[in-house]
Protein chains: 2
Amino acid sequence: MDKDIHILLAEDEPALGMIIKESLETRNFKVTHCLDGQAAWENFQKQEPHLLVLDVMMPKKDGFSLAKDIRTMNDSIPIIFLTAKSQTQDVVEGFTIGGNDYLKKPFSMEELIVRINNLLNRVNLQKNSEILKIGQFTFDFPKQTLTFQNEEPLQLTHREAHLLLHLVKNKNQVLDRSLILNKLWGNDDFFNARSMDVFITKLRKKLIQDSNIQIINVRGYGYKLVC
Amino acid sequence: MDKDIHILLAEDEPALGMIIKESLETRNFKVTHCLDGQAAWENFQKQEPHLLVLDVMMPKKDGFSLAKDIRTMNDSIPIIFLTAKSQTQDVVEGFTIGGNDYLKKPFSMEELIVRINNLLNRVNLQKNSEILKIGQFTFDFPKQTLTFQNEEPLQLTHREAHLLLHLVKNKNQVLDRSLILNKLWGNDDFFNARSMDVFITKLRKKLIQDSNIQIINVRGYGYKLVC
DNA sequence: AACCTGTGTTAACGTGTGTTAACCGATTAG
DNA sequence: CTAATCGGTTAACACACGTTAACACAGGTT
């Protein structure tokens, strides 16, 4: 799952960069290592990574300046700065540019990984699993479409897509009613529960073409999607 | 022009607060001075200022806690913290809450004013000089053009370009309606919301050539551009 | 000045989505 | 068996959003 996460690392010290890269790769991240800000900028435009780890002091283009440029193109991508400096003013500058976290050298790999996971969970988790297969269907969650074999994609609504995502992520196991309700509706009162029932019906209809797929109710507990 | 800018100042030390208030007023800002966090909170709800200057250590409600509450209502209003502390950790805390800048006491008025102007410029006239790719389109924001592959560039209007820029900068994630409205229109009343709907329609039409690009509505929340 | 032209807002009407209600059958407790 | 409960299904509904066109207005042109 993590192998889908792509991190762009900009660090001019080759040895340190190597260590970070390898260390992150053992955690199943895909890492691109650039040795200066200019290279990182070019790579960012080509590859569109999920997260950036930028050294502040680099040749050609420093990390702050690089982050500033990146923010003109993308408001949300998480940025972590690495810096040898410790003055408050630098931290401030990093954050005003739009950095999300800040790590002072020397730091432990554990620290870096904790921060990366933090940021990815905050921003990235929801859109993580891009395109899923359910039996003979293809479920594109970001686009909210459900495609049977090679037919025309069927457009799902926001609620349908989210509910289906939950079911698929927990397929072949019982999903607790109130768990889904709390996650998607915010609370599990009577009316929301009935609303969910309606959506279960809708999903069943849209999944009817593949008879191997079923949304099974477990009375008093919840639902499970089998396929 | 500056006389339209309203700053909410929360500073419990009356003398210092007075100095700041008067100093900002000579720069043509409209300033409301509150002596504790509780008063500032009430005032914020009533007046909806353009920028906040918050002391961190205050009676009744400290600046961090106040900022946290304010961020639940408004993601974008710039917040500057004033603090006597100088530890990096406090700075980090301030920024993770959603502060935009940080000023360590004692500071000069000039410093404060530079930062205020910085933040206001960033919010008001986001200067951008980049060329973005959206699927098979090239979006030149400064020129306000949208080019499909090698065809003739399509001219966008000012509103179209700004709206598209926001969507692209936050692509693949849901962008809050009222956030866009507040940024581009200044407020999120009914009529502006309908106006935005019209522009969404216009953008969809202009992006129709690449079927992988979609502006998806999330009922009650906002839009996301997927590509 | 009168006339276009392009832009953004407002209006009017249509469509889609999510919630609620109503009615039903199935399951289970007593 | 009967009553209570849970879930299935359909339809009614309110309202968010889509779409188109009319409109107002600013800038430029003649």
Side-chain angles (χ1 to χ4, degrees), chain A residues 141 143-146 152-167 174-208 213-226, chain B residues 141 143-146 152-167 174-208 213-226:
Chain A
F141 176 66
K143 282 188 186 161
Q144 301 183 180
T145 57
L146 192 62
E152 271 299 285
L154 194 63
Q155 193 70 37
L156 299 180
T157 72
H158 181 243
R159 279 263 194 265
E160 287 169 346
H162 274 268
L163 180 53
L164 184 55
L165 181 66
H166 261 74
L167 289 167
V174 183
L175 239 177
D176 197 87
R177 283 182 78 85
S178 60
L179 208 87
I180 307 174
L181 283 165
N182 281 318
K183 273 209 168 184
L184 300 197
W185 274 264
N187 73 64
D188 65 344
D189 64 22
F190 170 78
F191 291 108
N192 288 337
R194 300 323 317 276
S195 192
M196 188 172 91
D197 292 338
V198 174
F199 279 99
I200 292 287
T201 298
K202 286 178 177 170
L203 284 180
R204 280 181 177 141
K205 279 187 183 170
K206 296 193 172 177
L207 290 168
I208 209 164
I213 302 171
Q214 276 179 292
I215 300 174
I216 292 177
N217 170 253
V218 180
R219 190 182 166 92
Y221 293 89
Y223 295 95
K224 68 172 167 178
L225 180 139
V226 296
Chain B
F141 176 66
K143 282 187 187 163
Q144 300 187 178
T145 57
L146 192 63
E152 271 299 284
L154 195 62
Q155 193 66 37
L156 298 180
T157 71
H158 182 245
R159 279 265 194 262
E160 287 170 346
H162 271 84
L163 179 54
L164 184 56
L165 181 66
H166 262 75
L167 289 167
V174 182
L175 239 177
D176 198 88
R177 282 183 79 85
S178 60
L179 208 88
I180 307 174
L181 284 165
N182 280 318
K183 275 206 169 183
L184 299 197
W185 274 265
N187 73 64
D188 64 345
D189 64 22
F190 171 80
F191 292 107
N192 288 337
R194 302 321 316 277
S195 191
M196 188 172 91
D197 292 338
V198 174
F199 280 99
I200 292 287
T201 297
K202 287 177 178 171
L203 284 179
R204 280 183 178 139
K205 278 187 184 169
K206 297 193 171 178
L207 291 168
I208 209 164
I213 302 172
Q214 277 180 285
I215 300 173
I216 292 178
N217 169 254
V218 180
R219 189 185 166 91
Y221 294 89
Y223 294 95
K224 67 174 167 177
L225 181 140
V226 297

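Letters A, B, ... are given to chains in the order of the sequence lines, protein chains preceding strands, and every chain is numbered from 1.
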Interface limits on DNA chain D, where chain B has a heavy atom under 4.0 Å of a nucleotide atom: D:dC15 to D:dT20
Aromatic plane relationship, A:Phe141 with A:His162 - under 30° parallel, 30 to 60° tilted, over 60° perpendicular: perpendicular
OP1 or OP2 of C:dG18 under 4.0 Å from side-chain N/O of A:Trp185: no
Separation of atom CZ in B:Arg177 from atom C1' in C:dT17, rounded to whole Å: 14 Å
By side-chain contact (heavy atoms from CB on, under 4.5 Å) - contacts of A:Lys143 (at least two apart): A:Asp140, A:Thr145, B:Asn212, B:Gln214, B:Val226
Side-chain N,O (A:Thr157) to OP1/OP2 (C:dG18) below 4.0 Å: yes
Rounded distance in Å - CG (A:Asn187) to P (C:dG18): 17 Å
Residue list, side-chain contact (heavy atoms from CB on, under 4.5 Å) with B:Val198, at least two apart or on another chain: B:Lys202
Salt bridge (charged side-chain N to carboxylate O under 4.0 Å, His left out) partners for A:Arg159, two or more places apart: none
Sequence-distant partners of B:Lys206, salt bridge (charged side-chain N to carboxylate O under 4.0 Å, His left out), two or more places apart: B:Glu160
Distance, rounded to the nearest Å, where A:Leu163 contributes CG and C:dG18 contributes P: 11 Å
B/S/- contact track for nucleotides 20-30 of chain C, protein heavy atom under 4.0 Å: BSB----BS--
Integer-rounded Å distance: C:dG18 C1' and A:His158 NE2: 12 Å
side-chain hydrogen bond (donor to acceptor under 3.5 Å, both in side chains) partners of residues 178-187 of chain A, not counting sequence neighbours, each pair once: A:Asp176-A:Ser178, A:Asn187-A:Asn192
Nearest-0.5 Å distance that lies between atom CG in A:Leu207 and atom CG in A:Leu164: 6.0 Å
Nucleotide C:dG6, atom P - distance to CD of B:Gln155 in whole Å: 11 Å
Interatomic distance where CD belongs to A:Glu160 and P belongs to C:dT19 [whole Å]: 12 Å
Results of salt bridge (charged side-chain N to carboxylate O under 4.0 Å, His left out) for B:Arg204 - residues two or more places apart only: none
d(NZ, A:Lys202; P, C:dT17) in whole Å: 8 Å
Euclidean distance, atom CG of residue A:Leu154 to atom P of C:dT17 [Å, nearest integer]: 10 Å
With B:Phe191 via side-chain contact (heavy atoms from CB on, under 4.5 Å) - residues at least two apart: B:Asp189
